[in-house]
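Following: one structure in structure tokens, then a few remarks.
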Amino acid sequence: MRQVMVAGNWKMNGSSDSVKELISGIKDGMASVTKAAVVVCPPAVYIACVSGAADGSAIKVGGQNICDEDGGAFTGEISADMLKDTGCEYAIVGHSERRALYGETDALVAKRFAAARRNGIIPIFCIGETLEERESGVTNDVCARQIDAVIDLEGVAALADSVIAYEPVWAIGTGKVATPEQAQEVHAFIRGKIAALDAGVAEGLQILYGGSMNPGNAKELIGQPDIDGGLIGGASLKAEDFLAICQAAE
Ligand code: PGA
């Protein structure tokens, strides 16, 4: 049985005060979360503060990105060691906002994935199609291409130490959630594709859904056979909503 994971992607939101309030609200509600693994990914400048506040709870912390290099002259980047040093066990890689707005290619995302793994950080590897791609019927091809970039660089076994987040771009921050059937279909495709190379890796792999998941739709999505949790943006910014999604796994 794969454990359900609920990860909050706080994106570029919050202040010193609001992140403290948010993490303490989540921590206070953790007694009601017995099944899901819970991860929060704050903006980098607040990671240390959030890790400190989460200490002593089951909440894990992740970065929103990770540099493909291990250190040196890479202005603006954050290394795996820095993430670990400030309490992270996870890092999101390849989020569609990074791909679309900051030019991260499949190849660069694969290198960031590799940097995470070689340094003991678990990548939460995001993939997913745009609306145009869905409408032209290439959803599976796009997901396969994004996954193949990682498999080509790192081999399929590398996916065993990672989490995949399927996030249809058209569902992110739009309120337009994929139906459970639509999401399940792609999740099953992803797992099947990986199973064709390594059945054991595919069976153990947590595949999260992301895109307008909220307390109202989480249970049905997470109830699908190949959906192992969620990567949550907007609804992760309110402790009550985030906890309600975590409880959908109970
Ligand atoms: P959303 O974002 O839940 O606000 O749609 C999800 C994500 O971008 O990870």
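As the structure lists them, so they are numbered: ligands from 1, and atoms in each ligand from 1. If you read the sequence from its start, that first residue is 1, and numbering goes on from there. A quick note: this is a predicted structure, and the numbers were derived from the prediction, not measured.
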For this session: With sequence neighbours left out, write down each residue that passes side-chain contact (heavy atoms from CB on, under 4.5 Å) with Cys126, or none if nothing qualifies.
Result: Ile92, His95, Ala165, Glu167, Leu231
Exercise. According to a 4.5 Å side-chain heavy-atom criterion applied to Ile, Leu, Val, Met, Phe, Trp and Tyr, with indirect links allowed, do Ile59 and Val39 form part of one hydrophobic cluster?
Worked result: no
Exercise. Thinking salt bridges, do Lys84 and Asp81 make one under a 4.0 Å N-O criterion?
Worked result: yes
Seminar exercise, completed: residues 186-230 vs ring pair (Phe, Tyr, Trp, His ring centres under 6.0 Å), sequence neighbours excluded, gives Tyr166-His187
Exercise. Which residue pairs satisfy the ring pair (Phe, Tyr, Trp, His ring centres under 6.0 Å) criterion with at least one member in residues 114-144, sequence neighbours excluded?
Worked result: Phe113-Phe125
Exercise. Between Glu203 and Arg191, is there a salt bridge with N-O shorter than 4.0 Å?
Worked result: no
For this session: Show the protein residues that qualify under the rule heavy atom under 4.0 Å from an atom of ligand 1, listing them in chain and number order.
Result: Asn9, Lys11, His95, Glu167, Ala171, Ile172, Gly173, Gly211, Ser212, Leu231, Ile232, Gly233, Gly234
